[in-house]
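Computed over heavy atoms, backbone and side chain alike; hydrogens, waters and symmetry mates excluded. Every value quoted in this text rests on a predicted model; they were computed, and no experiment measured them.
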Amino acid sequence: PLQHNFQSFSRVSIMQRRRFMQTGFAGLAATALPEVYDQYSYASRIGKRPSELRIVEIKRQTVKLPFRPAPQRAMDREIPHWRYCEIVTVELSGGVVGIGEGLLYYSWGVTSEEAIQSAIGSNAADLMWNDDLGAGLQMALFDAVGKAGDVPAYRLLGNQVYDTTPLSWWNIDMPTKDMLSECQEALRLGYKAYKTKGRPWFDLWDQTATCAQAMPADFKIDMDFNETLLTAEQGIPILKWMDQFPQVDIYESPIPQRDIQGNAAITKAVRAGVSLHYGTPSPKDVVKYDVCDGFVIGGGATRLMRQSHVAETMDMRFWLQLVGAGLTAAFSLHFGAVCSAATWPAVNCHQLYVHDMLKEPIRVREGFAAIPDKPGLGVELDWSIVNRYAVDRPTERPDPARMIETTYADGRRMYTANNGTVNFMLNPARSPGNMPYFEKGVDSKLLPNDGSGRWKELYERSRKEGPVVIKP
């Protein structure tokens with residue numbers, strides 16, 4: 001295995017990418033299969049011991065994890081439901097117990113009761129590559145099968161190429177003061193990368209300049225716009241201004257991903273890297289038109305490994321993005337061990353919480369975390385923390401009434417109320433005309449319900465109409 005050489009973004013040459021076109025897509029299916037499918041792999045040999053691998057019991061427990069103070073102020077505005085996580089335990093006939101987890105309301109797949117019932121009595125090694133199981137159950141099966149075979153989970157995923165993997169600190173969008181304190185906390189704990197959101201309801205210029213100038217040049221700030229820059233024509237001047245700061249390293253989804261020509265124009269125009277979620281546009285179009293420099297890749301084990309191998313073939317780097325608490329971050333490390341193109345810092349979001357539920361937290365040194373080498377996930381869950389935060393599973397996604405007030409330098413105020421959708425603030429910003437575009441001097445905060453008729457009036461109006469802008 002090799003030690004990662006952590007470097008800031010540098011663009012891969014067009015000729016390197018064009019090698020992918022020369023190899024053609026016809027042979028891609030074969031190259032995209034992880035070694036686990038080979039009959040000589042660890043998973044295959046372990047799977048020949050069905051007497052030890054039969055699933056005899058599956059349990060679930062919901063926990064409600066508290067956020068740290070700065071993330072709480074931000075998460076309470078838009079996505080407070082990220083507090084809810086489900087622990088899944090799987091007991092095998094040989095006595096081994098595997099443990100997994102998944103966020104209930106932000107996940108590539110939530111484990112269903114049907115998946116649990118269908119898994120009872122089955123061979124864990126036969127099932128663990130089935131992404132339909134959901135995050136918690138699939139992770140628990142990899143943990144259990146690894147423990148049964150006395151091998152780390154990465155040995156079930158493929159050939160180890162790294163013994164460390166880079167990690168990124170993560171936050172949703174927040175005011176400059178909180179963003180700066182989070183960058184400083186990340187650096188204090190050994191991180192060299194920070195990923196956050198670029199939003200038109202905060203002063204992007206103030207955020208970028210303040211945080212970049214306060215951090216060392218080798219600390220990298222990556223900005224996910226979730227398509228809110230709208231067009232290349234509007235976005236390029238903003239991104240080129242951000243380019244002046246060496247700390248600014250990667251822009252994710254600056255404009256709608258389906259805009260092939262626009263994303264290609266941005267990629268050509270800016271210094272920093274451009275990343276898109278894998279799949280839109282198609283990998284073939286990404287290479288043909290030089291649409292971006294890398295991907296965001298996540299999801300279930302089968303999907304993740306297939307996409308990883310395509311990215312490797314294309315000479316495209318990517319972020320591993322598996323979101324959850326400590327077990328999710330540990331599982332992500334194992335993918336980082338075998339995915340040679342996963343050289344951008346992985347995003348797991350476990351730093352949001354007061355406690356990630358691991359007995360020993362994942363240590364980061366100079367931007368990297370060591371790959372666990374103990375069987376299974378190689379980490380231990382702290383059941384005292386699980387028991388402390390255990391709650392009954394909500395019958396539906398918690399969505400408390402809340403309204404966000406956005407203030408502008410000229411005295412305008414915008415009010416945006418939650419309306420039953422998860423991205424009630426983001427979605428309007430993805431289309432022109434629904435709210436003001438990026439500008440200087442803007443700030444946002446959660447506006448508490450003071451019981452007044454004015455609050456109720458604005459709240460009900462925004463629920464019906466979307467963001468409401470009041471001029472001075």
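F202 does not carry R199 over the face of its six-membered ring by the limits of under 6.0 Å from the centre and within 45° of the normal. W169 does not carry K195 over the face of its six-membered ring by the limits of under 6.0 Å from the centre and within 45° of the normal.
Between R73 and D178 there is a salt bridge, since at least one side-chain N of the basic residue sits less than 4.0 Å from a carboxylate O of the acidic one. The pair K197-D224 meets the salt-bridge criterion, with a side-chain N (NZ, NE, NH1 or NH2) lying under 4.0 Å from an Asp/Glu carboxylate O. No salt bridge links E227 with R258; every basic N to acidic carboxylate O contact stays at or beyond 4.0 Å.
In summary, the side chains of T176 and Q207 do not present any donor paired with an acceptor at a separation below 3.5 Å, with no hydrogens or angles considered. Side chain to side chain, N226 and S253 fail the donor-acceptor criterion of an N or O pair below 3.5 Å.
For F295 and F318, the ring centers sit 6.0 Å or farther from each other.
Using the six-membered ring where Trp is involved, F245 and W241 have ring planes that are perpendicular, over 60° apart on the 30 and 60° scheme. Classification of the W170-W82 ring pair by plane angle, with boundaries at 30° and 60°, yields parallel. Below 30°, between 30° and 60°, or above 60°: for Y105 and H81 the angle between ring planes is above 60°, a perpendicular geometry.
The backbone N or O of I404 lies less than 3.5 Å from no partner atom in the side chain of Y415, so there is not a single donor-acceptor pair.
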